[in-house]
4 protein chains.
Amino acid sequence: MNNIYTFREVIDQYKVVFFDAFGVIKNYKGLVPGIEKTFAYLKAEKKEYFIVTNDASRSPKQLAERYHQMGLKAITDDRIISSGMLAKEYLELKVNEGIAAFLGTPESAHYIESAGLKTLPVSEVTARNIHDVNAMVFLDDEGFEWARDLNKTVNILRKRTIPAIVANTDDAYPLNIGEICIAVGSMATMIENIVGKEFIRFGKPDSQMFMFAYDLVRSRLQVNKKEIVMVGDTLHTDILGGNKFGLDTILVLSGNTLAGDAETRINSTGIIPTYICPSAVVE
Amino acid sequence: MNNIYTFREVIDQYKVVFFDAFGVIKNYKGLVPGIEKTFAYLKAEKKEYFIVTNDASRSPKQLAERYHQMGLKAITDDRIISSGMLAKEYLELKVNEGIAAFLGTPESAHYIESAGLKTLPVSEVTARNIHDVNAMVFLDDEGFEWARDLNKTVNILRKRTIPAIVANTDDAYPLNIGEICIAVGSMATMIENIVGKEFIRFGKPDSQMFMFAYDLVRSRLQVNKKEIVMVGDTLHTDILGGNKFGLDTILVLSGNTLAGDAETRINSTGIIPTYICPSAVVE
Amino acid sequence: MNNIYTFREVIDQYKVVFFDAFGVIKNYKGLVPGIEKTFAYLKAEKKEYFIVTNDASRSPKQLAERYHQMGLKAITDDRIISSGMLAKEYLELKVNEGIAAFLGTPESAHYIESAGLKTLPVSEVTARNIHDVNAMVFLDDEGFEWARDLNKTVNILRKRTIPAIVANTDDAYPLNIGEICIAVGSMATMIENIVGKEFIRFGKPDSQMFMFAYDLVRSRLQVNKKEIVMVGDTLHTDILGGNKFGLDTILVLSGNTLAGDAETRINSTGIIPTYICPSAVVE
Amino acid sequence: MNNIYTFREVIDQYKVVFFDAFGVIKNYKGLVPGIEKTFAYLKAEKKEYFIVTNDASRSPKQLAERYHQMGLKAITDDRIISSGMLAKEYLELKVNEGIAAFLGTPESAHYIESAGLKTLPVSEVTARNIHDVNAMVFLDDEGFEWARDLNKTVNILRKRTIPAIVANTDDAYPLNIGEICIAVGSMATMIENIVGKEFIRFGKPDSQMFMFAYDLVRSRLQVNKKEIVMVGDTLHTDILGGNKFGLDTILVLSGNTLAGDAETRINSTGIIPTYICPSAVVE
């Protein structure tokens with residue numbers, strides 16, 4: 001049913017390209033081979049590009065540095081929109097004072113710290129400071145002891161009526177070719193079910209991610225939704241989110257969705273990319 | 001825990017007010033008594049206001065006319081943001097040609113019709129034209145025969161891999177003081193479970209509604225999120241959605257949430273309004 | 001991974017066979033061709049057999065008559081265990097007096113009527129008799145006007161704190177080769193979500209269906225679970241339910257699960273039949 | 001709406017009493033004060049009683065010993081029906097050979113070990129023995145390292161198409177007056193969502209628990225469902241499960257459901273006990 005296109009012929013029709021990160025630009029081994037050619041082409045053609053990623057484990061600056069270390073200089077921090085940035089914006093707008101308790105690494109927390117707000121690992125919440133805890137933030141699956149700190153999080157949320165923010169909505173993420181890891185989004189859902197409260201989630205497929213990127217791109221150039229294409233490897237996040245926001249979408253077969261499965265999955269989920277390309281590499 | 005404020009002292013702190021419609025401005029009997037004073041006050045104080053409503057049953061123009069008929073001239077169509085407008089935008093951006101089959105009244109369909117796209121009630125889809133059906137839209141619970149057309153919708157969505165758009169995410173709506181009606185959002189969820197596909201939903205608490213309103217208000221005046229307050233009677237849609245988008249929020253006790261229940265519901269859901277007011281009437 | 005067996009070689013290992021009805025013994029065209037040979041074989045081999053079906057639309061007596069009309073005399077009413085029988089038992093044990101309001105046909109209601117309990121179509125519930133309504137029963141998708149009576153059901157369940165019984169847990173059922181119908185189980189789930197109450201469901205995969213059959217078979221002969229095999233065409237109901245109850249299970253490819261899909265579905269759901277056979281026909 | 005009864009006047013109407021354990025007979029401090037009088041009364045009146053508990057952390061023998069240590073000799077192991085016993089029966093009937101990998105303590109695993117089946121903590125599953133793993137069993141939240149072993153469980157279930165058995169369906173359990181712990185049932189649900197497979201759950205409110213108890217009681221005396229009453233502190237497990245199985249039910253206010261909340265919760269959930277008693281103590 002769905003024709004396969006080359007990446008170049010598709011992006012030639014657009015002014016701006018939004019990229020998912022994992023499975024599109026990089027994978028568990030490093031950069032997707034040849035992806036630097038894509039960014040050279042975008043530069044030559046004067047097309048704008050942004051990375052739109054469900055990643056709250058570190059700041060855009062630190063994320064960009066990782067690309068640079070891998071040899072991809074084209075991705076600068078001002079071109080990265082992460083779900084962590086939305087969590088940070090929420091805290092700045094809505095939680096002005098006190099403590100944001102968090103699950104995650106120190107780097108992830110450092111980034112969301114904002115004027116007037118102190119971050120504290122869940123492990124350091126005590127009977128003394130619990131009444132100053134004004135938000136709970138789920139940032140990363142690493143950096144804490146699961147048994148102790150997940151149980152503690154449940155009890156903090158039973159004692160305090162405060163917002164719980166999930167800065168990464170993914171259920172799991174790939175560790176290597178055969179294995180995946182439980183992501184902090186799954187832990188948040190488990191705890192949400194136990195405490196019976198409604199958490200606030202930031203990340204694709206939610207429109208807020210795309211809106212943030214769209215606002216950013218419009219501050220740089222005049223563009224409308226018809227001129228932007230979203231590239232991703234996952235139907236449920238990248239393609240569904242892009243579609244709903246009104247963007248054209250490209251499913252690439254270099255990550256989560258394999259060539260042999262693409263058509264079956266599209267038909268069974270009803271999530272329909274505008275195009276399918278083997279990868280995001282411009283040959 | 002939560003103090004009760006007068007509506008005037010709260011809105012005095014903001015430049016722009018977003019209002020939910022049902023339970024805030026009107027109810028099943030007509031206008032909320034005294035609500036015209038609020039809009040007179042807003043005008044006198046030169047504050048901007050918008051109606052943000054999960055209503056896809058008719059166009060903003062028709063919605064505004066109803067307010068005028070009830071005697072409220074202050075609500076003009078350019079101040080109404082409805083979930084139907086998002087559905088319309090989606091169809092314009094993403095579904096360029098063919099037929100949009102719909103469940104709803106002729107008025108609801110007329111409004112979403114767009115250049116290049118023809119709307120057709122589900123009842124008129126046949127073996128002949130089904131291959132031209134490029135979208136299914138859930139608009140309203142009225143205007144069709146449930147048994148015949150809900151079954152037909154299931155089978156259209158099994159035969160065609162097309163987007164299904166839900167233009168009103170509410171589960172039910174009040175008919176009178178003691179009775180509610182099943183809304184088209186509930187029917188969409190039922191069919192989504194049967195066909196196993198992922199539908200696209202527009203409506204509060206989703207951020208896209210707020211973003212649409214925010215874009216509109218910024219085209220009129222320079223304002224940031226800190227200067228806007230969202231007023232609603234329902235924690236799960238108005239307050240959750242406003243909070244997530246980064247707005248301050250006012251829960252009013254004139255609709256879905258009763259004075260005696262407010263604190264219990266806030267604690268049990270963890271959805272926390274910035275303020276609680278008896279109603280949106282400026283005394 | 002899974003070998004395909006002939007039906008005869010598998011059932012030769014068991015004393016008792018439980019059959020699902022639709023997709024195994026009959027389909028929308030009538031009897032599965034050749035199925036009478038299976039029952040002749042079972043009789044010759046002195047094996048016991050029972051039909052275990054999610055059907056509350058009529059009594060076992062009426063269900064048996066239909067088989068007889070189609071030419072299959074081997075299925076007598078004392079060999080049919082239906083989800084309607086469980087609903088009937090529940091009403092007898094737990095709802096002793098007053099009215100059971102129902103959605104369904106008169107035949108479905110006639111069957112569940114029990115000593116001391118009167119059945120009444122939802123359409124006939126009024127302000128006068130609503131306080132005598134002591135149970136709401138979801139029996140069949142036919143026999144009532146959906147728009148009027150589903151809305152009425154919602155409001156009855158908001159006014160009365162009474163048990164809601166779902167006598168058929170299926171989401172949908174096949175109408176012909178290409179089309180399905182919404183089953184009453186889906187309507188019940190929709191209403192359950194709206195009213196926020198917990199309904200009581202009878203039907204596979206729930207163990208109570210199998211327990212009812214197991215009790216019945218043990219009243220006739222001495223047998224243990226190891227000597228019974230469940231035959232079905234649907235992984236989620238027949239095979240999951242049989243497995244959970246501790247029975248060996250046979251997936252047949254004559255109904256819901258097609259030969260080409262069986263292995264993919266088994267792997268993706270993790271619902272594993274003990275055997276796979278092309279059909280339940282003994283050649 | 002609901003009258004409060006004394007426990008004695010209610011149980012006088014029944015031959016057999018089924019008790020939930022936690023919140024009814026014991027709590028986090030030890031035995032419910034005075035509960036020994038209830039069992040003395042039952043003995044004097046020659047009524048049968050059984051404990052029906054969602055506990056797979058140890059064998060009935062070990063559970064009984066704990067009651068004896070607390071001074072309650074009346075509860076013997078032959079009167080305890082646990083969800084762990086159902087998991088054990090499932091493994092005996094359906095998984096004949098190989099390894100059952102488990103999450104839980106050594107005691108919990110020792111108990112489910114059966115002829116022909118070896119149990120192995122998830123932590124000891126390796127590339128060498130993974131192909132002999134024929135079942136995954138969720139027994140207890142203690143006895144393993146969460147981060148390492150929950151991730152490992154996800155990957156075992158992605159590699160092997162095997163049944164996953166959840167021997168305790170509770171989401172959480174009380175630790176002390178103000179704190180709860182995440183139960184293994186919640187972890188199982190989280191992993192089920194990630195791997196997309198259907199797990200097999202044993203425990204109230206599922207009927208299989210009550211059927212197991214009912215079979216046991218009928219092997220001792222002739223009794224029907226009308227003569228048995230289920231006593232519990234939790235609407236969603238004890239009362240819903242008892243009701244669905246066709247038993248009369250008593251909600252006691254000594255555990256999960258507080259006196260002030262009982263009526264609200266009954267109305268909002270629609271789970272209706274036959275009686276409400278302050279506690280299960282016979283004064």
Side-chain angles (χ1 to χ4, degrees), chain C residues 1-2 86 89-96 134-136 157-165 192 195-202 205-212 214-215 218 224-226 228 235-236 239-249 263 265-272 274, chain D residues 1-2 86 89-96 134-136 157-165 192 195-202 205-212 214-215 218 224-226 228 235-236 239-249 263 265-272 274:
Chain C
M1 182 188 74
N2 297 287
L86 292 180
E89 189 201 33
Y90 176 88
L91 293 171
E92 283 169 355
L93 286 167
K94 297 284 298 178
V95 186
N96 307 306
N134 288 333
M136 169 66 67
L157 289 171
R158 291 173 78 234
K159 282 173 191 144
R160 298 279 297 143
T161 297
I162 53 173
I165 296 101
E192 194 177 23
V195 299
K197 298 191 177 180
E198 184 101 28
F199 290 7
I200 292 176
R201 286 179 162 70
F202 295 109
D206 193 82
S207 311
Q208 212 155 338
M209 280 290 282
F210 294 94
M211 173 177 35
F212 203 98
Y214 187 51
D215 265 6
R218 284 188 299 174
N224 64 52
K225 289 183 177 180
K226 282 273 191 195
I228 305 173
L235 286 172
H236 185 77
I239 306 304
L240 178 62
N243 281 349
K244 186 181 168 190
F245 191 66
L247 306 183
D248 282 354
T249 49
E263 191 159 332
R265 288 217 204 166
I266 291 167
N267 288 334
S268 71
T269 60
I271 304 173
I272 311 153
T274 319
Chain D
M1 183 186 76
N2 297 287
L86 292 180
E89 190 202 34
Y90 176 88
L91 294 171
E92 283 170 354
L93 286 167
K94 297 284 297 178
V95 187
N96 306 307
N134 287 334
M136 168 67 66
L157 288 171
R158 292 174 78 235
K159 282 174 191 143
R160 299 278 299 144
T161 297
I162 53 173
I165 296 101
E192 195 177 21
V195 299
K197 298 190 177 179
E198 183 101 29
F199 291 6
I200 292 175
R201 286 179 162 70
F202 295 109
D206 193 82
S207 311
Q208 212 155 338
M209 280 290 281
F210 293 93
M211 173 177 35
F212 203 99
Y214 187 50
D215 265 7
R218 284 189 298 174
N224 64 52
K225 289 183 178 180
K226 282 273 191 196
I228 305 174
L235 287 172
H236 185 77
I239 306 305
L240 177 63
N243 281 349
K244 185 180 168 190
F245 191 67
L247 306 183
D248 282 352
T249 49
E263 192 159 330
R265 288 216 204 168
I266 290 167
N267 289 334
S268 71
T269 60
I271 304 173
I272 312 153
T274 319

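Chain identifiers are assigned alphabetically (A, B, ...) following the order of the sequence lines, protein sequences preceding nucleic acid strands; residue numbering begins at 1 within each chain.
Of the inter-residue distances, the one linking Asn224(C) atom CG with Leu93(D) atom CG reads 8.0 Å to the nearest 0.5 angstrom. Distance check, rounded to the nearest 0.5 Å: OG1 of Thr161(C) to CD of Glu263(D) gives 8.5 Å. Here the CG atom belonging to Leu247(D) is positioned 7.0 Å from the NZ atom belonging to Lys94(C), to the nearest 0.5 angstrom. Rounding to the nearest 0.5 angstrom, the gap separating the OG atom in Ser207(D) from the CZ atom in Phe202(C) is 7.5 Å. A distance of 8.0 Å separates CD1 in Ile200(C) from NZ in Lys244(D), rounded to the nearest 0.5 Å. For the atom pair CG of Asn267(D) and CZ of Arg160(C), the computed distance is 11.0 Å after rounding to the nearest 0.5 Å.
Using a 4.5 Å heavy-atom cutoff, the side chains of Asp206(C) and Asp206(D) are in contact. Between Glu198(C) and Asn243(D) the shortest side-chain heavy-atom distance does not fall below 4.5 Å.
When each of Thr274(D), Leu86(D), Asp215(D) is scored by its heavy-atom pairs under 4.5 Å with chain C, the top score falls to Asp215(D).
With a 4.5 angstrom heavy-atom cutoff, Arg265(C) does not touch chain D via any of its atoms. Within the 4.5 angstrom heavy-atom criterion, only backbone atoms of Arg201(C) (N, CA, C, O) approach chain D. For a residue to count as touching a neighbouring chain, one of its non-hydrogen atoms must lie under 4.5 Å from one of that chain's; by this rule Phe210(C) does not touch chain D.
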